[in-house]
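Taking it in order: structure first as structure tokens, then the write-up.
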Amino acid sequence: MEKNSKLYIYSLIGLSVLAVGGLAAFFVFRKKDGSTGTGSQPTNNSSGIKNPNPKKILIVGDSQVAIQNAEGGKITYTYPNILKRELEPQGYIIDVVALGGKTTDWIKQNLENKLKTNKYDRIYVHGGGNDVNNASIPLTKTIGNFQYMTDLIRQSGADPFIVLGYKIEGTEGRFGNYNIMGLTRYLTKKEDWIPYIEKRKELQRRLPNEISNGNFVPVYDLQQQTSDGFHPNGEGHKIVARKITESIMSN
């Protein structure tokens, strides 16, 4: 009888272990399967990927991604050019809607117009720099524009990705270092840039926490590849191109 009791107890323990293991495997599977979100994104607000193998991609933004200027002249060193050269021979389509100096109001309007006649698998939004450099544009408006674009992209059937941009180094590096930034008629000494640099940092922090149903390209280190503290040089754009390519291939 004692032997049978021990056998019964051991059987219960074994069944309990199997049950716990099964539940653990179930939840791991759910996460890998994507039903709990994208997993690799830096926020719980991220949403699952509808098109895991995107072939038709749109990039919208400002000078960070522009491939032509206002007069129609070509800009050849920005990272969308690199993506076009490397990915389009593999069957990808890379479209760009961007212009230097434009705020998220312009980006939002032109994205809306583009989506009236075009359909994409994935859309990257890379902007906000001109908003933060404008004292009259509050961050609430900029973040609202990003949310509007995220919702619009989802409604179109594409996956929205917000590019959070480069690591802001300040005086410890070059990006966001007011000592190398140019002066304007409104900013007459280098230190006048400091509030705008802090505003840029705040936008970068808030976007992944306040945007719902978005996906994000995390902040990347451009290894001081800039001459003006704002824009990557050619080598910097190569780094961004690698980050975007990794995002395309891994999601």
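Predicted model, so just to flag it, every value in this text is computed and none were measured. Positions are given from 1, in the same order as the sequence printed here.
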Flag if over 12 foreign heavy atoms under 6.0 Å of [atom1], [X]:
| X | atom1 | value |
| --- | --- | --- |
| Glu172 | CD | no |
| Lys141 | NZ | no |
| Lys167 | NZ | no |
| Lys243 | NZ | no |

Can you pull the salt bridge (charged side-chain N to carboxylate O under 4.0 Å, His left out) pairs that have at least one residue in residues 111-132, sequence neighbours excluded?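 Applying salt bridge (charged side-chain N to carboxylate O under 4.0 Å, His left out) to every pair that reaches into residues 111-132, excluding sequence neighbours, yields nothing.
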For residues 196-206, pull every pair meeting salt bridge (charged side-chain N to carboxylate O under 4.0 Å, His left out), keeping only residues two or more places apart or in separate chains.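 Those involving residues 196-206 are Glu198-Lys201, Glu202-Arg206, Arg206-Glu210.
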[X] side, atom [atom1]; [Y] side, atom [atom2] - distance, nearest 0.5 Å:
| X | Y | atom1 | atom2 | answer |
| --- | --- | --- | --- | --- |
| Phe146 | Leu203 | CZ | CG | 6.0 Å |
| Gln147 | Ile162 | CD | CD1 | 7.5 Å |
| Ile197 | Ile168 | CD1 | CD1 | 8.5 Å |
| Ile107 | Thr142 | CD1 | OG1 | 9.5 Å |
| Phe175 | Gln223 | CZ | CD | 10.0 Å |
| Ile153 | Leu115 | CD1 | CG | 7.0 Å |

Validation row: Pro54, Ile248 side chains within 4.5 angstrom (heavy atoms):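 Of all side-chain heavy-atom pairs linking Ile248 with Pro54, at least one is under 4.5 Å.
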Taking the side chain as every heavy atom from C-beta outward, state whether Pro232 and Lys238 have any pair of such atoms under 4.5 Å apart.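 Result no, sub-4.5 Å side-chain heavy-atom pair not found.
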Matching residue for Val217 among Ile244, Leu164, Val240 - test: side-chain contact (heavy atoms from CB on, under 4.5 Å):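 Of the listed options, the one satisfying the test is Ile244.
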side-chain contact (heavy atoms from CB on, under 4.5 Å) between Tyr220 and Tyr166, worked out: CA-CA 5 Å; Tyr220 40 78; Tyr166 48 73; 3.9 Å; yes
Using the rule given for side-chain contact (heavy atoms from CB on, under 4.5 Å), can you reason through Val97 versus Leu111, listing the C-alpha separation, both sets of side-chain angles and the distance that settles it, and then say yes or no? CA-CA 7 Å; Val97 174; Leu111 169 63; over 6 Å; no
Same hydrophobic cluster for [X] and [Y], using side-chain heavy-atom links shorter than 4.5 Å among ILVMFWY?
| X | Y | value |
| --- | --- | --- |
| Met149 | Val96 | no |
| Ile57 | Ile93 | no |
| Leu187 | Met181 | yes |
| Val132 | Ile137 | no |
| Ile59 | Ile239 | yes |

Restricting to side chain to side chain donor-acceptor pair (under 3.5 Å), what partner residues turn up for Gln225, sequence neighbours left out?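 Result, side chain to side chain donor-acceptor pair (under 3.5 Å) vs Gln225: Asn233.
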Side chain to side chain donor-acceptor pair (under 3.5 Å), that's the test. Do Ser247 and Tyr124 meet it? Break it down for me. CA-CA 10 Å; Ser247 156; Tyr124 288 89; 2.7 Å; yes
Check Pro160 against Ala158 and note the closest heavy-atom contact, atom names and distance.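 Pro160 and Ala158 have their closest heavy atoms at CD-O, 3.6 Å.
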Heavy-atom donor-acceptor pair, [X] side chain to [Y] backbone, under 3.5 Å:
| X | Y | answer |
| --- | --- | --- |
| Asp95 | Leu58 | no |
| Asn130 | Gly100 | no |
| Lys84 | Ile94 | yes |
| Asp62 | Leu99 | no |

Apply ring pair (Phe, Tyr, Trp, His ring centres under 6.0 Å) to [X] and list each qualifying residue two or more places apart in sequence or on a separate chain.
| X | value |
| --- | --- |
| Phe230 | Trp193 |
| Tyr79 | His126 |
| Tyr77 | His237 |

Could you go through Asn81 and Thr78, starting from their C-alpha distance and side-chain angles, then the distance that decides it, and tell me whether this counts as side chain to side chain donor-acceptor pair (under 3.5 Å)? CA-CA 6 Å; Asn81 293 286; Thr78 51; 2.9 Å; yes
Could you go step by step and tell me if Glu169 and Asp221 meet the side-chain contact (heavy atoms from CB on, under 4.5 Å) rule? CA-CA 9 Å; Glu169 300 164 322; Asp221 186 352; 3.8 Å; yes
Thr140, Thr103, Asp105 screened by side chain to side chain donor-acceptor pair (under 3.5 Å) with Asn145, the one that passes: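 Of the listed residues Thr140, Thr103, Asp105, the side chain to side chain donor-acceptor pair (under 3.5 Å) partner of Asn145 is Asp105.
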Would Ile143 and Ile211 count as a side-chain contact (heavy atoms from CB on, under 4.5 Å) here? Give the steps. CA-CA 8 Å; Ile143 293 169; Ile211 298 299; 3.9 Å; yes
Go through Arg154 and Asp151 one step at a time and tell me if the salt bridge (charged side-chain N to carboxylate O under 4.0 Å, His left out) criterion holds. CA-CA 5 Å; Arg154 282 215 160 272; Asp151 294 341; over 6 Å; no
